[in-house]
> 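Got a structure for you, questions after.
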Amino acid sequence: MTRGSDDPRPRTGDRTRRPGLPLGRPFGVPVYVTSSWWIVAVLITLVYGGIVQSRLALGPSAYLLAFVFAILLYASVLVHELAHSLVARRYGLPVRRIVLYVLGGVSEIDREAPTPGREFWIAFSGPLLSLLLAAGAFVLAYFTDPFSVTGELLFQLWVANLLVGVFNLLPGLPLDGGRLLRAGVWKMTGRAHTGSVVAAWGGRVLALGVAALPFLFAWSAGSSPGPWAVVWGLVLAGFMWMGAGEALGNARVRARVPGLRARALARPAVVVPADLPLERADHRAGEAGVDTIVVTDDDGTPVSVVHPAAAEAITGERRARVPVSDVSRALTRHSRVSADLEGEELLAELTRHPLPEYLVVEADGALSGVLRAVDVNAAMAGRSPSGRR
């Protein structure tokens, strides 16, 4: 699967936090595996080990071979995700990392594909490579003794890649097939938002179908569904339902992107020198009817913005002594955005350099106000920015 920037809201958190154990950087792409992988590895080893024993009579070694299958399955997932990542990078989209977890893997791509054609090829590359590997392993297995260790490993390899390829082609988000459906609808309608909504609802329909499959198979055979089949069906269905729901929510958010205006979202601010006591700065802000304070150096250049939480922590008589510079957050060279930025251009600028706030400046360099990431997020969620006067 791929996970692009479906949720376009600016983030200010730590994007470098490791999601699991690092496995390496094939082709420069960081790969991590979460601890949940061991859950699946143990289950596959226990369940499939008995099957291998019945086929090859290897004794305890059958469970070692079953564990190898678990590794091959996730190696197949990794190859699948690498295909997504390399195609995305070929199109100039930055890839943050690949994460392998209990139900498969995901390629985290930092920007959305700009066209339906590129969306299609990024999504299709993973299943395509998985199916090609399945076909190659199947041909090799055909010429190998099926009751040998080599034959069993080749059998495992083509089955693993076939499962990964076919499952991901199902037409609903968050699966690759959902992104293929999204690309198709996007191409026909000219609207990425419509494609996302259709593909997300496709994912919800698929989730219901996956949950029902164990019962349908059992009833068609005139028996009751096994507990493991029901549990895995519900787990997969829940994963797909939540992923589809997240895609729907993000589609609604993205639909509001064209309405973003840097000048309209900027909070009016007062400009004060760095050594001005906080109490006097509050007085100036109150007179101006604003809640945002920009701090300048001796030359009058903005260097920081008063941090509301830090300022509120200063109480009583201390507010008359503590300078605003002590409760301010420094600006960087990426902290300035043009007041004329709108829509996707504004969003691209903010997501390129995620910060808690930005100075909004006019073409002549005059300060228009301060744009806070929380206000952008509120606007995209359809809420009124908090704290605005």
Side-chain angles (χ1 to χ4, degrees), residues 1-8 10-42 44-45 67-114 118-134 136-137 153 156-158 160-165 167-168 173-176 178-179 239 243 246 332 334 348 350-355:
M1 291 180 296
T2 61
R3 179 181 294 160
S5 55
D6 291 326
D7 185 345
R11 293 171 172 83
T12 60
D14 181 8
R15 294 161 60 107
T16 64
R17 181 173 59 86
R18 290 182 176 180
L21 177 69
L23 292 184
R25 299 176 62 92
F27 301 99
V29 181
V31 177
Y32 297 87
V33 60
T34 67
S35 57
S36 63
W37 176 80
W38 290 100
I39 299 173
V40 173
V42 170
I44 289 176
T45 301
F67 182 70
V68 171
F69 173 66
I71 295 176
L72 283 175
L73 178 61
Y74 274 80
S76 300
V77 173
L78 175 58
V79 170
H80 176 105
E81 297 304 329
L82 278 172
H84 289 312
S85 298
L86 295 180
V87 173
R89 290 205 313 193
R90 174 67 178 81
Y91 287 139
L93 303 180
V95 179
R96 190 185 316 165
R97 61 198 175 197
I98 293 172
V99 180
L100 305 179
Y101 62 105
V102 65
L103 294 176
V106 62
S107 300
E108 298 184 3
I109 301 171
D110 278 343
R111 291 205 305 271
E112 193 175 63
R118 293 186 176 187
E119 171 86 344
F120 175 89
W121 284 112
I122 291 171
F124 187 52
S125 59
L128 176 62
L129 183 56
S130 293
L131 294 176
L132 288 175
L133 290 174
L153 287 174
Q156 293 174 2
L157 187 60
W158 78 258
N161 280 281
L162 183 65
L163 288 173
V164 171
F167 179 72
N168 274 282
L173 290 173
L175 302 176
D176 296 330
R179 292 197 170 273
F239 157 74
E246 181 181 0
T332 73
H334 302 301
L350 301 187
T351 54
R352 190 176 297 118
H353 305 292
L355 296 168

> Does Leu82 reach the side chain of Leu78, with side-chain heavy atoms less than 4.5 Å apart?
yes
> Roughly how far, to the nearest 0.5 Å, is the CD1 atom of Ile44 from the CD1 atom of Ile39?
12.0 Å
> Describe, in one word, how the ring planes of Trp37 and Phe67 are oriented to each other, choosing from parallel (under 30°), tilted (30 to 60°) and perpendicular (over 60°).
perpendicular
> For Pro174 and Phe239, which heavy atoms make the closest approach, and how far apart are they?
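Looking at all heavy atoms of both residues, the shortest contact is CG-CZ, 4.1 Å.
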> Sort out for me which residue in Leu133, Asn168, Leu129 forms a side chain to side chain contact (heavy atoms under 4.5 Å, CB included) with His80.
Asn168
> If you measure from NE2 on His84 to CZ on Phe124, what distance do you get to the nearest 0.5 Å?
11.0 Å
> In Å and rounded to the nearest 0.5 Å, what is the CG to CG distance from Asp176 to Leu128?
11.5 Å
> For residues Glu108 and Pro94, determine if any side-chain heavy atom of one lies less than 4.5 Å from a side-chain heavy atom of the other.
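No, every pair of side-chain atoms sits at 4.5 Å or beyond.
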> So, do Ile122 and Leu93 sit near enough that their side-chain heavy atoms are less than 4.5 Å apart?
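Heavy-atom side-chain distance check passes, below 4.5 Å.
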> Which heavy atom in Ala41 sits nearest to a heavy atom in Ala70, and how many Å separate them?
CA-CB, 4.0 Å
> Look only at the side chain of Tyr74 and the backbone of Tyr101, and say whether a donor-acceptor pair between them is shorter than 3.5 Å.
yes
> Are Leu86 and Val95 side-chain neighbours, meaning at least one heavy-atom pair lies under 4.5 Å?
no
> I need the minimum non-hydrogen distance between Ser76 and Leu157, along with the two atoms involved.
OG-CD1, 4.3 Å
> Looking at every non-hydrogen atom in both residues, tell me the closest pair between Val87 and Ser125 and how far apart they are.
CG2-CB, 3.6 Å
> Test of understanding: with side-chain contact (heavy atoms from CB on, under 4.5 Å), list the residues that count as partners of Ser35, not counting sequence neighbours.
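Applying side-chain contact (heavy atoms from CB on, under 4.5 Å) to Ser35 gives none.
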> How would you list, by chain and number, every residue that makes a side-chain contact (heavy atoms from CB on, under 4.5 Å) with Leu162, sequence neighbours excluded?
Leu131, Ala134, Trp158, Val166
> Between the main-chain N or O of Glu81 and the side-chain N or O of Ser107, is there a donor-acceptor pair closer than 3.5 Å?
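Yes, because the side chain of Ser107 sits within donor-acceptor range (under 3.5 Å) of the backbone of Glu81.
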> Starting at CG of Leu73, measure out to CG of Leu163 and round the result to the nearest 0.5 Å.
7.0 Å
> Does a side-chain heavy-atom distance below 4.5 Å link Arg89 with Val29?
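When only atoms from C-beta onward are counted, Val29 and Arg89 do touch, with a gap below 4.5 Å.
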